[in-house]
Amino acid sequence: MSDYVEPGDLQYHPPPLRRRPQSMVVTVVWLLLLASFVFGNIFWFVIRVEVDANELMVLINKTGNTIPRELMHEFGDQVVLYPELARAIAAKTGETEDEVRRGYKGIQYDVFREGRYFPNPYSYKVVKAPATIVGPGEVGVLVRKYGRPLPFPKTVATEPDERGPVTEFLAPGRHNINPLAFEVQKFPAISIPEGHVGVVTLLSGAEPRTRNTYTVEPGERGVQRTTLPPGLEYYNPYLKHIEIVDVRSHKYDLLDDDAIHFPSNDSFTIRIEGTIEWAIRPDRVAEATVAYGDQRNILDKIILPNARSISRIQGSKLQAREFISGKTRTAFQERFYSELRQECWEQGIDIRAALVRDIQPPAEIAALISRREQADQEIQRSTNQMAEAKSEAQLVEQREMQEQNKALGDARRQVVTATKEAEQRKVVAVTRAQREFEVAKLTLEAAEKQASAIRARGEAEAKVVLFEYQARAEPLQRAVAAFGDGVTYAQQFFLQRVAPSIQTILSNTEGPFAEIFKQFQQFKPTPAPAPAAGQGGAR
(Lines give C-alpha, C1' and ligand atoms only; values in the text may rest on other atoms or scores of the structure.)
Protein backbone atom coordinates (compact mmCIF):
# COMPACT_ATOMS: atom_id res chain seq x y z
CA MET A 1 0.00 0.00 0.00
CA SER A 2 1.19 3.48 -0.67
CA ASP A 3 2.58 5.56 2.17
CA TYR A 4 2.99 9.27 1.43
CA VAL A 5 2.30 12.66 3.02
CA GLU A 6 -0.63 14.81 1.89
CA PRO A 7 0.27 18.26 0.56
CA GLY A 8 -1.82 19.96 3.23
CA ASP A 9 0.39 18.57 5.96
CA LEU A 10 3.38 20.52 4.61
CA GLN A 11 1.71 24.01 4.22
CA TYR A 12 3.43 26.94 5.89
CA HIS A 13 1.34 29.28 8.08
CA PRO A 14 3.15 32.67 8.55
CA PRO A 15 2.42 34.74 11.66
CA PRO A 16 -0.12 37.51 11.25
CA LEU A 17 1.14 41.07 10.42
CA ARG A 18 -0.32 44.26 11.62
CA ARG A 19 -1.42 45.85 8.44
CA ARG A 20 -4.54 47.27 7.06
CA PRO A 21 -7.15 44.63 6.30
CA GLN A 22 -7.18 45.15 2.55
CA SER A 23 -3.39 45.04 2.23
CA MET A 24 -3.27 41.93 4.39
CA VAL A 25 -5.82 40.14 2.24
CA VAL A 26 -3.90 40.88 -0.93
CA THR A 27 -0.66 39.84 0.71
CA VAL A 28 -2.17 36.62 1.98
CA VAL A 29 -3.51 35.79 -1.46
CA TRP A 30 -0.14 36.40 -3.09
CA LEU A 31 1.60 34.41 -0.44
CA LEU A 32 -0.81 31.53 -0.92
CA LEU A 33 -0.31 31.60 -4.65
CA LEU A 34 3.48 31.69 -4.17
CA ALA A 35 3.37 28.91 -1.62
CA SER A 36 1.21 26.71 -3.81
CA PHE A 37 3.55 27.30 -6.74
CA VAL A 38 6.66 26.58 -4.69
CA PHE A 39 5.23 23.56 -2.93
CA GLY A 40 3.70 22.27 -6.15
CA ASN A 41 7.09 22.35 -7.82
CA ILE A 42 8.64 20.69 -4.80
CA PHE A 43 6.03 17.94 -4.84
CA TRP A 44 6.36 17.38 -8.58
CA PHE A 45 10.09 17.68 -9.06
CA VAL A 46 11.48 16.72 -5.63
CA ILE A 47 9.01 14.46 -3.81
CA ARG A 48 7.43 12.71 -6.81
CA VAL A 49 8.70 9.16 -7.47
CA GLU A 50 7.90 7.41 -10.75
CA VAL A 51 8.09 3.59 -10.61
CA ASP A 52 8.52 2.32 -14.16
CA ALA A 53 7.54 -1.04 -15.67
CA ASN A 54 9.23 -4.08 -14.10
CA GLU A 55 10.39 -1.93 -11.19
CA LEU A 56 9.61 -1.93 -7.49
CA MET A 57 9.86 0.71 -4.78
CA VAL A 58 10.88 0.01 -1.17
CA LEU A 59 10.48 2.57 1.64
CA ILE A 60 12.86 2.82 4.57
CA ASN A 61 11.54 4.58 7.70
CA LYS A 62 14.21 7.11 8.74
CA THR A 63 12.31 8.46 11.70
CA GLY A 64 10.22 6.85 14.39
CA ASN A 65 10.60 4.53 17.34
CA THR A 66 13.08 1.70 17.77
CA ILE A 67 12.37 -1.89 18.73
CA PRO A 68 11.67 -2.15 22.48
CA ARG A 69 14.64 -3.40 24.48
CA GLU A 70 12.71 -6.28 25.97
CA LEU A 71 12.23 -7.68 22.45
CA MET A 72 15.87 -7.36 21.43
CA HIS A 73 16.89 -10.61 23.09
CA GLU A 74 14.21 -12.51 21.12
CA PHE A 75 14.39 -10.88 17.69
CA GLY A 76 17.88 -9.37 17.78
CA ASP A 77 18.91 -6.24 15.93
CA GLN A 78 16.46 -6.33 13.02
CA VAL A 79 16.25 -3.73 10.23
CA VAL A 80 13.26 -5.21 8.34
CA LEU A 81 9.80 -4.62 9.79
CA TYR A 82 8.53 -8.09 8.77
CA PRO A 83 5.03 -9.24 9.84
CA GLU A 84 6.11 -11.42 12.78
CA LEU A 85 8.19 -8.57 14.26
CA ALA A 86 5.40 -6.02 13.73
CA ARG A 87 2.94 -8.40 15.36
CA ALA A 88 5.19 -8.87 18.40
CA ILE A 89 5.76 -5.09 18.82
CA ALA A 90 2.03 -4.42 18.46
CA ALA A 91 1.28 -6.98 21.14
CA LYS A 92 3.88 -5.40 23.42
CA THR A 93 2.95 -1.72 22.95
CA GLY A 94 -0.77 -2.01 22.23
CA GLU A 95 -0.45 -0.39 18.80
CA THR A 96 -1.84 -1.78 15.56
CA GLU A 97 0.42 -3.56 13.11
CA ASP A 98 -0.07 -0.78 10.55
CA GLU A 99 1.02 1.84 13.11
CA VAL A 100 4.09 -0.23 13.90
CA ARG A 101 5.06 -0.53 10.21
CA ARG A 102 4.75 3.28 9.81
CA GLY A 103 6.01 4.47 13.16
CA TYR A 104 9.18 2.41 13.69
CA LYS A 105 12.56 2.79 12.06
CA GLY A 106 13.61 0.18 9.52
CA ILE A 107 12.88 -1.27 6.12
CA GLN A 108 9.22 -1.72 5.28
CA TYR A 109 8.34 -5.28 4.32
CA ASP A 110 5.81 -4.48 1.59
CA VAL A 111 6.85 -3.20 -1.84
CA PHE A 112 5.16 -0.80 -4.26
CA ARG A 113 4.61 -1.71 -7.89
CA GLU A 114 4.56 0.54 -11.00
CA GLY A 115 2.94 3.90 -10.49
CA ARG A 116 3.43 7.49 -9.20
CA TYR A 117 4.07 8.08 -5.51
CA PHE A 118 4.74 11.14 -3.27
CA PRO A 119 6.56 9.86 -0.13
CA ASN A 120 7.81 12.31 2.50
CA PRO A 121 11.56 12.59 1.92
CA TYR A 122 12.07 13.59 5.51
CA SER A 123 10.45 10.41 6.88
CA TYR A 124 11.23 7.92 4.16
CA LYS A 125 14.15 6.87 2.04
CA VAL A 126 13.17 5.54 -1.36
CA VAL A 127 14.94 2.56 -2.92
CA LYS A 128 13.98 1.45 -6.42
CA ALA A 129 14.96 -1.97 -7.69
CA PRO A 130 14.02 -4.18 -10.66
CA ALA A 131 11.38 -6.88 -10.19
CA THR A 132 12.62 -10.46 -10.03
CA ILE A 133 12.24 -12.29 -13.34
CA VAL A 134 12.73 -16.07 -13.33
CA GLY A 135 13.28 -17.28 -16.86
CA PRO A 136 12.00 -20.49 -18.49
CA GLY A 137 13.79 -23.56 -17.26
CA GLU A 138 14.93 -21.76 -14.11
CA VAL A 139 13.92 -21.83 -10.49
CA GLY A 140 14.36 -19.02 -7.97
CA VAL A 141 15.28 -19.62 -4.34
CA LEU A 142 14.58 -16.97 -1.70
CA VAL A 143 17.28 -16.40 0.90
CA ARG A 144 15.72 -14.52 3.82
CA LYS A 145 17.97 -11.76 5.19
CA TYR A 146 16.03 -11.16 8.40
CA GLY A 147 14.87 -13.32 11.27
CA ARG A 148 16.56 -15.59 13.75
CA PRO A 149 19.55 -17.70 12.73
CA LEU A 150 18.84 -21.29 11.69
CA PRO A 151 19.33 -23.84 14.47
CA PHE A 152 21.64 -26.77 13.77
CA PRO A 153 21.27 -28.98 11.71
CA LYS A 154 18.59 -27.22 9.63
CA THR A 155 19.66 -26.08 6.15
CA VAL A 156 16.47 -24.25 5.13
CA ALA A 157 14.11 -21.93 6.97
CA THR A 158 10.80 -23.63 7.67
CA GLU A 159 9.45 -20.98 10.08
CA PRO A 160 8.41 -17.48 8.91
CA ASP A 161 10.88 -15.74 11.28
CA GLU A 162 13.96 -17.85 10.46
CA ARG A 163 16.88 -16.49 8.45
CA GLY A 164 18.33 -18.34 5.47
CA PRO A 165 17.01 -20.18 2.35
CA VAL A 166 13.29 -20.86 2.51
CA THR A 167 11.67 -24.12 1.46
CA GLU A 168 9.44 -22.57 -1.20
CA PHE A 169 10.88 -21.75 -4.60
CA LEU A 170 9.90 -19.32 -7.35
CA ALA A 171 8.56 -20.72 -10.62
CA PRO A 172 9.30 -19.06 -13.98
CA GLY A 173 7.70 -15.62 -14.27
CA ARG A 174 7.73 -12.23 -12.53
CA HIS A 175 7.87 -11.99 -8.75
CA ASN A 176 7.64 -8.81 -6.65
CA ILE A 177 10.34 -9.57 -4.09
CA ASN A 178 11.72 -7.00 -1.64
CA PRO A 179 15.46 -6.98 -2.50
CA LEU A 180 16.33 -5.55 0.95
CA ALA A 181 14.52 -8.40 2.72
CA PHE A 182 15.38 -11.29 0.38
CA GLU A 183 18.13 -12.43 -1.92
CA VAL A 184 16.97 -14.36 -4.96
CA GLN A 185 19.30 -17.07 -6.25
CA LYS A 186 18.51 -18.65 -9.61
CA PHE A 187 19.23 -22.28 -10.50
CA PRO A 188 18.44 -24.29 -13.64
CA ALA A 189 15.60 -26.78 -13.39
CA ILE A 190 16.67 -30.38 -13.80
CA SER A 191 15.52 -32.32 -16.85
CA ILE A 192 15.05 -36.07 -16.38
CA PRO A 193 15.18 -37.77 -19.82
CA GLU A 194 13.21 -40.82 -20.87
CA GLY A 195 14.55 -44.08 -19.52
CA HIS A 196 15.86 -42.32 -16.41
CA VAL A 197 14.49 -41.49 -12.98
CA GLY A 198 15.46 -38.95 -10.34
CA VAL A 199 16.69 -40.14 -6.96
CA VAL A 200 15.77 -37.50 -4.38
CA THR A 201 17.84 -36.79 -1.28
CA LEU A 202 16.01 -34.58 1.22
CA LEU A 203 18.61 -32.28 2.84
CA SER A 204 16.27 -30.97 5.51
CA GLY A 205 13.48 -32.74 7.28
CA ALA A 206 12.56 -34.88 10.24
CA GLU A 207 15.07 -37.27 11.75
CA PRO A 208 14.71 -40.83 10.34
CA ARG A 209 12.86 -43.09 12.74
CA THR A 210 14.72 -46.16 11.43
CA ARG A 211 18.47 -45.70 11.34
CA ASN A 212 21.18 -47.46 9.34
CA THR A 213 19.03 -47.86 6.26
CA TYR A 214 19.76 -46.81 2.69
CA THR A 215 16.40 -45.04 2.23
CA VAL A 216 14.02 -43.25 4.59
CA GLU A 217 10.31 -42.64 4.83
CA PRO A 218 8.68 -39.67 3.04
CA GLY A 219 9.44 -36.34 4.74
CA GLU A 220 12.48 -37.69 6.64
CA ARG A 221 15.95 -36.37 5.99
CA GLY A 222 17.85 -38.66 3.67
CA VAL A 223 17.40 -40.58 0.40
CA GLN A 224 13.72 -40.92 -0.48
CA ARG A 225 12.41 -44.31 -1.54
CA THR A 226 10.12 -42.82 -4.20
CA THR A 227 11.82 -41.61 -7.39
CA LEU A 228 10.87 -38.90 -9.88
CA PRO A 229 9.56 -39.81 -13.36
CA PRO A 230 10.99 -38.35 -16.60
CA GLY A 231 10.25 -34.68 -17.18
CA LEU A 232 11.30 -31.17 -16.16
CA GLU A 233 11.58 -30.91 -12.38
CA TYR A 234 11.58 -27.60 -10.47
CA TYR A 235 13.08 -27.94 -7.01
CA ASN A 236 14.91 -26.09 -4.27
CA PRO A 237 18.57 -27.21 -4.29
CA TYR A 238 18.91 -26.15 -0.63
CA LEU A 239 16.12 -28.59 0.24
CA LYS A 240 16.64 -31.42 -2.22
CA HIS A 241 19.42 -33.05 -4.17
CA ILE A 242 18.36 -34.95 -7.31
CA GLU A 243 20.56 -37.52 -9.00
CA ILE A 244 19.61 -38.80 -12.44
CA VAL A 245 19.85 -42.59 -12.70
CA ASP A 246 19.62 -44.61 -15.91
CA VAL A 247 17.10 -47.48 -15.59
CA ARG A 248 17.35 -48.71 -19.18
CA SER A 249 18.83 -52.06 -20.17
CA HIS A 250 22.61 -52.27 -20.35
CA LYS A 251 24.77 -54.87 -22.06
CA TYR A 252 28.18 -55.95 -20.89
CA ASP A 253 30.38 -58.29 -22.92
CA LEU A 254 32.60 -60.77 -21.11
CA LEU A 255 35.46 -60.65 -23.62
CA ASP A 256 39.26 -60.60 -23.55
CA ASP A 257 40.37 -59.73 -20.02
CA ASP A 258 36.80 -59.85 -18.72
CA ALA A 259 36.29 -63.46 -19.89
CA ILE A 260 35.63 -65.95 -17.08
CA HIS A 261 38.22 -68.67 -16.34
CA PHE A 262 37.57 -71.60 -14.02
CA PRO A 263 38.79 -75.20 -13.57
CA SER A 264 36.64 -78.13 -14.68
CA ASN A 265 35.96 -81.23 -12.62
CA ASP A 266 38.98 -82.95 -14.21
CA SER A 267 41.28 -79.92 -13.53
CA PHE A 268 41.28 -78.41 -17.03
CA THR A 269 40.97 -74.62 -17.39
CA ILE A 270 37.78 -73.53 -19.15
CA ARG A 271 37.36 -70.07 -20.69
CA ILE A 272 33.89 -68.58 -21.16
CA GLU A 273 32.85 -65.52 -23.21
CA GLY A 274 29.34 -64.14 -23.08
CA THR A 275 27.02 -61.16 -22.80
CA ILE A 276 24.95 -60.02 -19.82
CA GLU A 277 21.95 -57.70 -20.20
CA TRP A 278 20.87 -56.00 -16.98
CA ALA A 279 18.96 -53.06 -15.52
CA ILE A 280 18.23 -51.61 -12.10
CA ARG A 281 14.91 -52.70 -10.66
CA PRO A 282 12.47 -49.74 -10.78
CA ASP A 283 11.34 -50.35 -7.20
CA ARG A 284 14.92 -50.48 -5.88
CA VAL A 285 16.57 -47.64 -7.82
CA ALA A 286 17.16 -45.39 -4.81
CA GLU A 287 18.48 -48.20 -2.64
CA ALA A 288 20.79 -49.57 -5.36
CA THR A 289 22.16 -46.11 -6.14
CA VAL A 290 23.03 -45.43 -2.51
CA ALA A 291 24.36 -48.92 -1.79
CA TYR A 292 26.43 -49.54 -4.93
CA GLY A 293 26.89 -46.28 -6.86
CA ASP A 294 26.89 -45.83 -10.63
CA GLN A 295 26.77 -48.42 -13.42
CA ARG A 296 30.46 -49.29 -13.23
CA ASN A 297 30.18 -49.88 -9.50
CA ILE A 298 27.12 -52.10 -9.98
CA LEU A 299 29.06 -54.20 -12.49
CA ASP A 300 32.16 -54.46 -10.31
CA LYS A 301 30.36 -55.03 -7.02
CA ILE A 302 27.32 -57.11 -7.97
CA ILE A 303 27.13 -58.57 -11.47
CA LEU A 304 30.69 -59.66 -12.27
CA PRO A 305 31.48 -61.21 -8.85
CA ASN A 306 28.24 -63.21 -8.95
CA ALA A 307 28.85 -64.26 -12.58
CA ARG A 308 32.36 -65.51 -11.81
CA SER A 309 31.27 -67.27 -8.63
CA ILE A 310 28.33 -69.06 -10.29
CA SER A 311 30.47 -70.06 -13.28
CA ARG A 312 33.13 -71.59 -11.03
CA ILE A 313 30.58 -73.45 -8.90
CA GLN A 314 28.62 -74.82 -11.85
CA GLY A 315 31.69 -75.40 -14.01
CA SER A 316 33.49 -77.46 -11.36
CA LYS A 317 30.66 -80.00 -11.53
CA LEU A 318 31.35 -80.84 -15.20
CA GLN A 319 34.29 -82.41 -17.01
CA ALA A 320 36.07 -80.59 -19.78
CA ARG A 321 34.64 -82.77 -22.55
CA GLU A 322 31.09 -81.98 -21.43
CA PHE A 323 31.48 -78.29 -22.30
CA ILE A 324 31.61 -79.12 -26.01
CA SER A 325 28.32 -80.99 -26.01
CA GLY A 326 25.40 -78.91 -27.16
CA LYS A 327 23.06 -80.26 -24.51
CA THR A 328 25.58 -79.71 -21.70
CA ARG A 329 26.36 -76.18 -22.86
CA THR A 330 22.66 -75.36 -23.01
CA ALA A 331 22.08 -76.77 -19.53
CA PHE A 332 25.08 -74.85 -18.18
CA GLN A 333 23.84 -71.59 -19.70
CA GLU A 334 20.33 -72.11 -18.25
CA ARG A 335 21.71 -72.76 -14.76
CA PHE A 336 24.11 -69.83 -15.09
CA TYR A 337 21.29 -67.42 -16.09
CA SER A 338 18.82 -68.74 -13.51
CA GLU A 339 21.18 -68.47 -10.53
CA LEU A 340 22.68 -65.13 -11.64
CA ARG A 341 19.21 -63.62 -12.03
CA GLN A 342 18.11 -64.87 -8.62
CA GLU A 343 21.22 -63.58 -6.83
CA CYS A 344 21.15 -60.15 -8.48
CA TRP A 345 17.37 -59.77 -8.13
CA GLU A 346 17.66 -59.92 -4.38
CA GLN A 347 20.21 -57.10 -4.54
CA GLY A 348 18.04 -54.82 -6.69
CA ILE A 349 19.43 -55.71 -10.14
CA ASP A 350 17.32 -57.32 -12.87
CA ILE A 351 19.33 -59.69 -15.10
CA ARG A 352 17.29 -59.79 -18.30
CA ALA A 353 19.58 -62.08 -20.30
CA ALA A 354 22.81 -64.00 -19.79
CA LEU A 355 24.13 -65.50 -23.02
CA VAL A 356 27.18 -67.80 -23.09
CA ARG A 357 28.49 -67.22 -26.58
CA ASP A 358 31.68 -69.29 -26.48
CA ILE A 359 33.10 -71.99 -24.20
CA GLN A 360 36.73 -72.81 -24.91
CA PRO A 361 38.07 -76.06 -23.44
CA PRO A 362 41.85 -76.80 -23.36
CA ALA A 363 43.45 -77.11 -26.77
CA GLU A 364 44.94 -80.58 -26.03
CA ILE A 365 41.50 -82.17 -25.73
CA ALA A 366 39.44 -79.84 -27.86
CA ALA A 367 40.13 -81.71 -31.16
CA LEU A 368 39.39 -85.16 -29.73
CA ILE A 369 36.29 -83.99 -27.98
CA SER A 370 35.19 -82.09 -31.08
CA ARG A 371 35.40 -85.22 -33.27
CA ARG A 372 33.55 -87.23 -30.67
CA GLU A 373 30.99 -84.51 -30.43
CA GLN A 374 30.56 -84.53 -34.20
CA ALA A 375 29.96 -88.28 -34.11
CA ASP A 376 27.45 -87.81 -31.32
CA GLN A 377 25.78 -85.13 -33.34
CA GLU A 378 25.55 -87.43 -36.36
CA ILE A 379 24.02 -90.12 -34.18
CA GLN A 380 21.65 -87.60 -32.74
CA ARG A 381 20.80 -86.35 -36.20
CA SER A 382 20.03 -89.88 -37.37
CA THR A 383 18.00 -90.49 -34.25
CA ASN A 384 16.13 -87.29 -34.89
CA GLN A 385 15.48 -88.31 -38.48
CA MET A 386 14.20 -91.69 -37.33
CA ALA A 387 12.04 -90.03 -34.74
CA GLU A 388 10.83 -87.61 -37.37
CA ALA A 389 10.00 -90.46 -39.76
CA LYS A 390 8.27 -92.33 -36.96
CA SER A 391 6.31 -89.22 -36.09
CA GLU A 392 5.40 -88.79 -39.74
CA ALA A 393 4.27 -92.44 -39.90
CA GLN A 394 2.24 -91.98 -36.75
CA LEU A 395 0.79 -88.84 -38.23
CA VAL A 396 -0.15 -90.71 -41.41
CA GLU A 397 -1.56 -93.56 -39.34
CA GLN A 398 -3.56 -91.13 -37.27
CA ARG A 399 -4.77 -89.43 -40.41
CA GLU A 400 -5.78 -92.81 -41.92
CA MET A 401 -7.42 -93.80 -38.66
CA GLN A 402 -9.33 -90.55 -38.73
CA GLU A 403 -10.38 -91.22 -42.31
CA GLN A 404 -11.28 -94.81 -41.39
CA ASN A 405 -13.22 -93.70 -38.36
CA LYS A 406 -14.92 -91.12 -40.45
CA ALA A 407 -15.76 -93.70 -43.12
CA LEU A 408 -16.86 -96.17 -40.43
CA GLY A 409 -19.05 -93.51 -38.90
CA ASP A 410 -20.51 -92.70 -42.29
CA ALA A 411 -21.06 -96.41 -42.92
CA ARG A 412 -22.70 -96.83 -39.56
CA ARG A 413 -24.93 -93.90 -40.24
CA GLN A 414 -25.74 -95.35 -43.63
CA VAL A 415 -26.41 -98.79 -42.06
CA VAL A 416 -28.69 -97.26 -39.51
CA THR A 417 -30.40 -95.25 -42.21
CA ALA A 418 -30.66 -98.28 -44.49
CA THR A 419 -31.93 -100.42 -41.61
CA LYS A 420 -34.60 -97.91 -40.80
CA GLU A 421 -35.52 -97.63 -44.44
CA ALA A 422 -35.50 -101.46 -44.81
CA GLU A 423 -37.72 -101.85 -41.77
CA GLN A 424 -40.10 -99.32 -43.20
CA ARG A 425 -39.95 -101.00 -46.59
CA LYS A 426 -40.42 -104.40 -44.87
CA VAL A 427 -43.55 -103.21 -43.15
CA VAL A 428 -44.83 -101.82 -46.42
CA ALA A 429 -43.77 -104.96 -48.33
CA VAL A 430 -45.33 -107.32 -45.77
CA THR A 431 -48.55 -105.38 -45.96
CA ARG A 432 -48.40 -105.38 -49.73
CA ALA A 433 -47.41 -109.09 -49.79
CA GLN A 434 -50.30 -110.07 -47.55
CA ARG A 435 -52.62 -108.16 -49.77
CA GLU A 436 -51.07 -109.73 -52.88
CA PHE A 437 -51.14 -113.18 -51.20
CA GLU A 438 -54.84 -112.97 -50.71
CA VAL A 439 -55.22 -111.80 -54.27
CA ALA A 440 -52.90 -114.60 -55.45
CA LYS A 441 -54.90 -117.23 -53.59
CA LEU A 442 -58.00 -116.13 -55.39
CA THR A 443 -56.09 -115.93 -58.65
CA LEU A 444 -54.64 -119.43 -58.03
CA GLU A 445 -58.01 -120.94 -57.52
CA ALA A 446 -59.22 -119.36 -60.72
CA ALA A 447 -56.04 -120.45 -62.53
CA GLU A 448 -56.36 -124.03 -61.33
CA LYS A 449 -59.87 -124.19 -62.64
CA GLN A 450 -58.79 -122.57 -65.89
CA ALA A 451 -55.78 -124.91 -66.13
CA SER A 452 -58.00 -127.94 -65.75
CA ALA A 453 -60.10 -126.70 -68.60
CA ILE A 454 -57.06 -125.90 -70.71
CA ARG A 455 -55.46 -129.29 -69.93
CA ALA A 456 -58.58 -131.08 -70.97
CA ARG A 457 -58.78 -129.05 -74.14
CA GLY A 458 -55.07 -129.61 -74.80
CA GLU A 459 -55.28 -133.33 -74.36
CA ALA A 460 -58.07 -133.45 -76.85
CA GLU A 461 -56.18 -131.33 -79.35
CA ALA A 462 -53.01 -133.41 -78.81
CA LYS A 463 -54.87 -136.59 -79.60
CA VAL A 464 -56.15 -134.98 -82.79
CA VAL A 465 -52.63 -133.95 -83.81
CA LEU A 466 -51.27 -137.41 -82.90
CA PHE A 467 -53.78 -139.14 -85.03
CA GLU A 468 -53.03 -136.76 -87.86
CA TYR A 469 -49.27 -137.40 -87.66
CA GLN A 470 -49.87 -141.14 -87.46
CA ALA A 471 -51.89 -140.91 -90.60
CA ARG A 472 -49.06 -139.09 -92.37
CA ALA A 473 -46.32 -141.42 -91.05
CA GLU A 474 -47.79 -144.75 -92.07
CA PRO A 475 -47.43 -144.12 -95.89
CA LEU A 476 -43.89 -142.85 -95.38
CA GLN A 477 -43.05 -145.96 -93.33
CA ARG A 478 -44.31 -148.24 -96.02
CA ALA A 479 -42.26 -146.36 -98.65
CA VAL A 480 -39.09 -146.63 -96.64
CA ALA A 481 -39.73 -150.32 -96.03
CA ALA A 482 -40.05 -150.77 -99.80
CA PHE A 483 -36.50 -149.28 -100.33
CA GLY A 484 -35.09 -151.30 -97.47
CA ASP A 485 -33.89 -148.40 -95.29
CA GLY A 486 -34.34 -144.68 -94.80
CA VAL A 487 -31.09 -143.64 -96.48
CA THR A 488 -31.92 -145.29 -99.77
CA TYR A 489 -35.32 -143.71 -99.69
CA ALA A 490 -33.75 -140.35 -99.00
CA GLN A 491 -31.35 -140.68 -101.98
CA GLN A 492 -34.16 -141.65 -104.20
CA PHE A 493 -36.19 -138.69 -102.96
CA PHE A 494 -33.25 -136.35 -103.49
CA LEU A 495 -32.50 -137.54 -107.00
CA GLN A 496 -36.09 -137.17 -107.99
CA ARG A 497 -36.05 -133.59 -106.82
CA VAL A 498 -32.62 -132.63 -108.29
CA ALA A 499 -32.65 -134.47 -111.64
CA PRO A 500 -35.06 -132.17 -113.41
CA SER A 501 -32.89 -129.18 -112.59
CA ILE A 502 -29.48 -130.60 -113.75
CA GLN A 503 -28.46 -129.30 -117.19
CA THR A 504 -24.72 -130.13 -117.14
CA ILE A 505 -22.77 -132.75 -115.30
CA LEU A 506 -19.38 -131.50 -114.27
CA SER A 507 -16.41 -133.64 -115.06
CA ASN A 508 -14.44 -132.42 -112.13
CA THR A 509 -14.41 -134.93 -109.34
CA GLU A 510 -13.35 -132.46 -106.74
CA GLY A 511 -15.34 -129.76 -105.04
CA PRO A 512 -18.33 -129.56 -102.84
CA PHE A 513 -20.80 -130.82 -105.39
CA ALA A 514 -18.68 -133.86 -106.19
CA GLU A 515 -18.53 -134.68 -102.55
CA ILE A 516 -22.24 -135.46 -102.62
CA PHE A 517 -21.77 -138.23 -105.15
CA LYS A 518 -18.75 -139.59 -103.37
CA GLN A 519 -20.92 -140.12 -100.38
CA PHE A 520 -23.36 -142.08 -102.48
CA GLN A 521 -20.51 -144.25 -103.88
CA GLN A 522 -19.06 -144.94 -100.46
CA PHE A 523 -22.36 -145.56 -98.71
CA LYS A 524 -23.29 -149.16 -98.12
CA PRO A 525 -26.87 -149.51 -97.17
CA THR A 526 -27.60 -151.47 -94.06
CA PRO A 527 -30.56 -153.74 -94.26
CA ALA A 528 -33.42 -152.63 -92.12
CA PRO A 529 -34.39 -154.90 -89.30
CA ALA A 530 -37.48 -156.97 -89.72
CA PRO A 531 -40.44 -155.49 -88.00
CA ALA A 532 -41.52 -157.23 -84.90
CA ALA A 533 -44.51 -159.37 -84.87
CA GLY A 534 -47.64 -157.46 -84.24
CA GLN A 535 -46.00 -154.05 -85.09
CA GLY A 536 -47.99 -152.29 -87.64
CA GLY A 537 -45.51 -149.61 -88.65
CA ALA A 538 -43.24 -146.76 -87.51
CA ARG A 539 -44.45 -144.30 -84.98
Side-chain angles (χ1 to χ4, degrees), residues 54 131-144 154-158 164-177 182-210 213-252 276-299 301-303 344-353:
N54 292 328
T132 301
I133 305 296
V134 179
E138 290 184 337
V139 61
V141 178
L142 292 176
V143 180
R144 192 178 290 148
K154 295 180 66 173
T155 58
V156 292
T158 57
V166 300
T167 56
E168 295 80 7
F169 58 86
L170 303 178
R174 170 178 169 166
H175 302 274
N176 299 322
I177 305 300
F182 296 94
E183 176 188 357
V184 179
Q185 298 180 359
K186 299 179 183 179
F187 299 93
I190 188 169
S191 177
I192 304 175
E194 290 293 333
H196 297 71
V197 297
V199 177
V200 180
T201 302
L202 201 60
L203 304 177
S204 180
E207 287 292 330
R209 289 175 292 180
T210 305
T213 58
Y214 292 115
T215 58
V216 296
E217 298 297 328
E220 295 180 347
R221 186 172 65 252
V223 180
Q224 303 296 299
R225 191 172 293 112
T226 304
T227 57
L228 298 176
L232 189 62
E233 185 69 22
Y234 295 93
Y235 72 105
N236 187 342
Y238 288 100
L239 180 63
K240 297 180 182 178
H241 172 70
I242 299 178
E243 182 177 356
I244 299 178
V245 179
D246 191 350
V247 294
R248 297 174 298 180
S249 293
H250 305 280
K251 288 185 178 180
Y252 186 76
I276 298 176
E277 183 180 356
W278 62 277
I280 303 176
R281 287 176 53 182
D283 59 332
R284 299 278 296 275
V285 175
E287 180 181 348
T289 303
V290 177
Y292 312 126
D294 57 10
Q295 298 179 16
R296 184 71 250 183
N297 291 330
I298 292 175
L299 281 170
K301 296 178 182 179
I302 303 298
I303 299 177
C344 294
W345 181 267
E346 296 175 355
Q347 301 179 61
I349 306 301
D350 181 15
I351 301 298
R352 298 180 176 176

### Query
If we only count heavy atoms from C-beta on, is the His196 to Arg248 side-chain gap below 4.5 Å?
yes
### Interatomic distance, Thr215 atom OG1 to Arg225 atom CZ [nearest 0.5 angstrom]
3.5 Å
### Message
Do Leu203 and Leu239 have side chains that approach each other closer than 4.5 Å (heavy atoms only, starting at C-beta)?
### Response
no
### Summary
What one should report as the nearest heavy-atom pair of Arg221 and Pro208 is O-CG, 3.3 Å
### Message
Let me confirm one number: the CG-CG distance from Leu299 to Asp294, rounded to the nearest 0.5 Å.
### Response
9.0 Å
#### Entry: Heavy-atom pair of closest approach, residues Arg144 and Ala157
NH1-CB, 3.9 Å
### Check: Gly222 main-chain N/O paired with Gln224 side-chain donor or acceptor under 3.5 Å
yes
#### Entry: Backbone of Arg284 reached by a side-chain donor or acceptor of Glu287 within 3.5 Å
no
### Task
Just do the side-chain contact (heavy atoms from CB on, under 4.5 Å) check on Leu142 and Val184 with the steps written out, would you?
CA-CA 5 Å; Leu142 292 176; Val184 179; 3.6 Å; yes
### Query
Going by the angle between their ring planes, with limits at 30° and 60°, are His250 and Trp278 parallel, tilted or perpendicular?
tilted
### Task
Give the minimum heavy-atom separation between Pro172 and Gly137, together with the two atoms involved.
CG-N, 4.3 Å
### Query
What do you reckon, is NZ of Lys186 surrounded by more than 12 foreign heavy atoms closer than 6.0 Å?
yes
### Query
When rounded to the nearest 0.5 angstrom, what is the spacing between CD in Glu243 and CG in Leu228?
12.0 Å
### Message
So, taking the atom named OH in Tyr252 and the one named CD1 in Ile276, what distance separates them when rounded to the nearest 0.5 Å?
### Response
9.0 Å
### Query
Do you know the tightest heavy-atom contact between Val134 and Gly140?
CG1-N, 4.0 Å
### Side-chain heavy-atom pair Ser204, Thr167 within 4.5 angstrom cut-off
no
### Expected output: side-chain Tyr235 to main-chain Val200 donor-acceptor under 3.5 Å
no
### Query
Is the backbone of Trp345 close enough, under 3.5 Å, to the side chain of Arg281 for a donor and an acceptor to pair up by distance?
yes
### Task
Evaluate the side-chain contact (heavy atoms from CB on, under 4.5 Å) criterion for residues Thr227 and Val247: first the C-alpha distance (whole Å), next the side-chain angles of each, then the deciding distance (0.1 Å), finally the verdict.
CA-CA 11 Å; Thr227 57; Val247 294; over 6 Å; no
### Donor-acceptor pair, side chain of Asn236 and main chain of Val141, under 3.5 angstrom
no
### Query
Taking all non-hydrogen atoms of both residues, which atom of Ile351 and which atom of Cys344 are closest, and how far apart?
CG1-CB, 3.7 Å
### Task
Give the minimum heavy-atom separation between Thr155 and Tyr238, together with the two atoms involved.
OG1-O, 3.5 Å
### Query
Below 4.5 Å, heavy atoms only, C-beta onward: do Ile298 and Ile303 meet side chain to side chain?
yes
### Message
Please determine whether the number of non-hydrogen atoms from other residues, nucleotides or ligands lying under 6.0 Å from atom CZ of Arg209 exceeds 12.
### Response
no
### Query
When you measure from the side chain of Glu233 to the backbone N and O of Pro229, does any donor-acceptor pair fall under 3.5 Å?
no
### Query
Any side-chain heavy-atom pair from Asn54 and Arg174 closer than 4.5 angstrom?
yes
### Any Asp350 side-chain heavy atom under 4.5 Å of Ile280 side chain
no
